[in-house]
Amino acid sequence: MEKSLNEETYEKLKYDIMNFRLLPGDSISAQKVALRYDVSRTPAREAIVNLEKEGLLKIIPQSGTYVACINCRRSAQEWFVRKSLEMGMVDAVFENADSELLDKMAILNERLIHYTEENEKIPRIEIDNAFHELIYECSGELLAQNIIQTQMSHYNRIRYLAELNSSISAKTNDEHEMLIEAIKKKDKRMYLRVIKAHISRIFNELDKLKGIYPQYFEKE
């Protein structure tokens with residue numbers, strides 16, 4: 001189904017915020033958005049309104065609208081939702097997983113293992129997301145998939161920063177391999193242990209990320 005100009009503008013603006021093409025603290029206005037994406041101010045204003053509701057833009061009275069800094073409290077709440085949904089999918093994943101799914105998961109993880117910006121042209125997190133989308137689709141939990149894809153904005157920006165650091169991203173590759181192995185062995189206990197650790201790990205790295213990117217996080 002063809003997307004409307006309003007939807008396209010919203011998605012482009014959100015993509016640029018999520019991938020730090022627009023940085024926390026950057027000033028945003030309908031005029032700037034309209035010029036950036038070559039649209040009128042109507043879709044630009046709608047995109048701003050929707051992203052302010054999602055917490056990615058912050059309106060400061062008598063000052064303006066800015067790209068929001070990462071809110072760690074909100075990211076923790078988003079993590080709880082994702083953890084609950086992903087761990088709740090396990091039975092369906094094990095019922096429906098087949099060799100085709102495992103092959104696709106392995107291919108995506110190989111791309112992550114050998115990732116370079118020259119080879120891929122897209123951020124690592126997009127390949128990581130594609131890996132997890134295979135799990136969501138296999139489980140048949142499409143509403144859960146949509147919630148995870150659209151409502152995890154602050155948590156996912158932390159994930160993006162984590163994937164820029166090779167010492168952190170290497171752990172992503174290892175945990176993906178363990179998830180594939182758990183499905184192959186039909187070992188639900190192993191899968192649950194790994195998936196919980198996998199989606200929780202960024203919080204163990206949070207102080208490190210705050211040290212590298214202090215300007216991207218809200219002051220607590």
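The basis for the numbers below is simple: all heavy atoms, side chains too, and nothing from hydrogens, waters or symmetry mates.
Counting only heavy atoms from C-beta outward, the side chains of His198 and His176 approach each other to under 4.5 Å. Using a 4.5 Å heavy-atom threshold, the side chains of Arg21 and Tyr15 count as touching. Between Tyr136 and Leu142 the shortest side-chain heavy-atom distance does not fall below 4.5 Å. Side-chain contact between Glu205 and Leu161: absent, with no pair of heavy atoms (C-beta onward) separated by less than 4.5 Å. By the 4.5 Å heavy-atom criterion applied to side chains, Met105 and Phe131 are counted as neighbours. By the 4.5 Å heavy-atom criterion applied to side chains, Glu8 and Val39 are not counted as neighbours. Between Leu179 and Met190 there is no side-chain heavy-atom pair separated by less than 4.5 Å. Looking at Ile168 and Leu209, their side chains come closer than 4.5 Å, going by heavy atoms from C-beta outward.
One finds the OG1 atom of Thr9 at 10.5 Å from the CD1 atom of Ile48 (value rounded to the nearest 0.5 Å). To the nearest 0.5 angstrom, Asp187 atom CG is 9.5 Å from Glu181 atom CD. Once rounded to the nearest 0.5 Å, the distance linking CZ of Arg111 with CG of Asn119 reads 10.0 Å. From His154, atom NE2 reaches atom SG of Cys69 across 9.5 Å, with rounding to the nearest 0.5 Å. Note that CG of Leu22 and CD1 of Ile28 are 5.0 Å apart. Values are rounded to the nearest 0.5 Å. With rounding to the nearest 0.5 Å, the separation of CG in Asp16 from CG in Asp26 is 10.5 Å.
Closest non-hydrogen pair, Ile202 versus Ala162, comes out as CG2-CB, 4.1 Å. A pairwise comparison of heavy atoms in Tyr10 and Leu51 identifies CE1-CD2, 3.5 Å as the closest pair. Nearest heavy atom pair, residue Asn173 against residue Asn109, reads O-ND2, 3.1 Å. Listed here is the closest heavy atom pair of Pro24 and Arg157: CG-NH1, 4.0 Å. Phe217 approaches Ile158 most closely through the heavy-atom pair CE2-CG1, 4.2 Å. Across every non-hydrogen atom of Ala34 and Ala44, the tightest pair is N-CB, 3.8 Å.
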Let's go through Phe203 and Tyr155 carefully: what are the C-alpha distance in whole Å and the side-chain angles of both, what is the deciding distance for side chain to side chain contact (heavy atoms under 4.5 Å, CB included) to 0.1 Å, and is it a yes or a no?
CA-CA 10 Å; Phe203 294 109; Tyr155 171 81; 4.1 Å; yes
Pair Glu86-Lys196, salt bridge (charged side-chain N to carboxylate O under 4.0 Å, His left out): steps then yes or no
CA-CA 9 Å; Glu86 287 214 26; Lys196 183 178 181 180; over 6 Å; no
Quick one: do His132 and Ile195 satisfy side chain to side chain contact (heavy atoms under 4.5 Å, CB included)? Show the steps, please.
CA-CA 10 Å; His132 286 274; Ile195 196 68; 4.1 Å; yes
Step-by-step side chain to side chain contact (heavy atoms under 4.5 Å, CB included) determination, Ile127 to Glu120:
CA-CA 9 Å; Ile127 304 173; Glu120 290 293 346; 3.7 Å; yes
Between Lys210 and Tyr216, does the side chain to side chain contact (heavy atoms under 4.5 Å, CB included) criterion hold? Intermediate values first, please.
CA-CA 8 Å; Lys210 285 182 177 180; Tyr216 292 176; over 6 Å; no
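Note on Met18: it does not cluster hydrophobically with Val81, by side-chain heavy-atom contacts below 4.5 Å among ILVMFWY residues. In this structure, Phe20 is not a member of the same hydrophobic cluster as Leu13, with clusters built from ILVMFWY side-chain heavy atoms closer than 4.5 Å. The hydrophobic cluster containing Leu192 also contains Leu85, counting ILVMFWY residues as joined when their side-chain heavy atoms lie under 4.5 angstrom apart, directly or transitively. Both Ile122 and Leu108 are members of a single hydrophobic cluster when ILVMFWY side chains are connected at heavy-atom separations under 4.5 Å. Residues Val90 and Phe80 are members of one and the same hydrophobic cluster, defined by side-chain heavy-atom contacts under 4.5 angstrom among Ile, Leu, Val, Met, Phe, Trp and Tyr.
Atom CD of Gln215 sits in a crowded spot, with more than 12 heavy atoms from other residues, nucleotides or ligands closer than 6.0 Å.
A salt bridge links Lys14 to Glu54: at least one charged side-chain nitrogen sits closer than 4.0 Å to a carboxylate oxygen. In summary, Glu163 and Arg159 do not engage in a salt bridge, as defined by a charged side-chain N under 4.0 Å from a carboxylate O. Ion pair Lys58/Glu52 not flagged as a salt bridge, since none of the NZ, NE, NH1 or NH2 atoms sits closer than 4.0 Å to an Asp/Glu carboxylate oxygen.
Only one option out of Leu56, Ile70, Asn71 pairs with Ser153 in a side-chain contact (heavy atoms from CB on, under 4.5 Å); it is Leu56.
Residues passing the side-chain contact (heavy atoms from CB on, under 4.5 Å) test with Ser166, sequence neighbours excluded: Ser169. Evaluation of the salt bridge (charged side-chain N to carboxylate O under 4.0 Å, His left out) rule for Asp91 yields Lys188 as partners, not counting sequence neighbours. Taking the side-chain contact (heavy atoms from CB on, under 4.5 Å) definition, one finds that Glu100 meets it with Asp98, Lys104, sequence neighbours left out. By the salt bridge (charged side-chain N to carboxylate O under 4.0 Å, His left out) test, Arg201 pairs with Glu175, sequence neighbours left out. Applying the side-chain contact (heavy atoms from CB on, under 4.5 Å) criterion to Ser63, with sequence neighbours excluded, gives Ile60, Tyr66. Applying the side-chain contact (heavy atoms from CB on, under 4.5 Å) rule to Gln149 yields the partners Glu133, Gln145; only residues at least two apart in sequence or on another chain are considered.
Using a 3.5 Å distance cut-off with no hydrogens or angles, the side chains of Asn6 and Ser4 do not pair a donor with an acceptor. A donor-acceptor contact closer than 3.5 angstrom links the side chains of Ser27 and Lys32.
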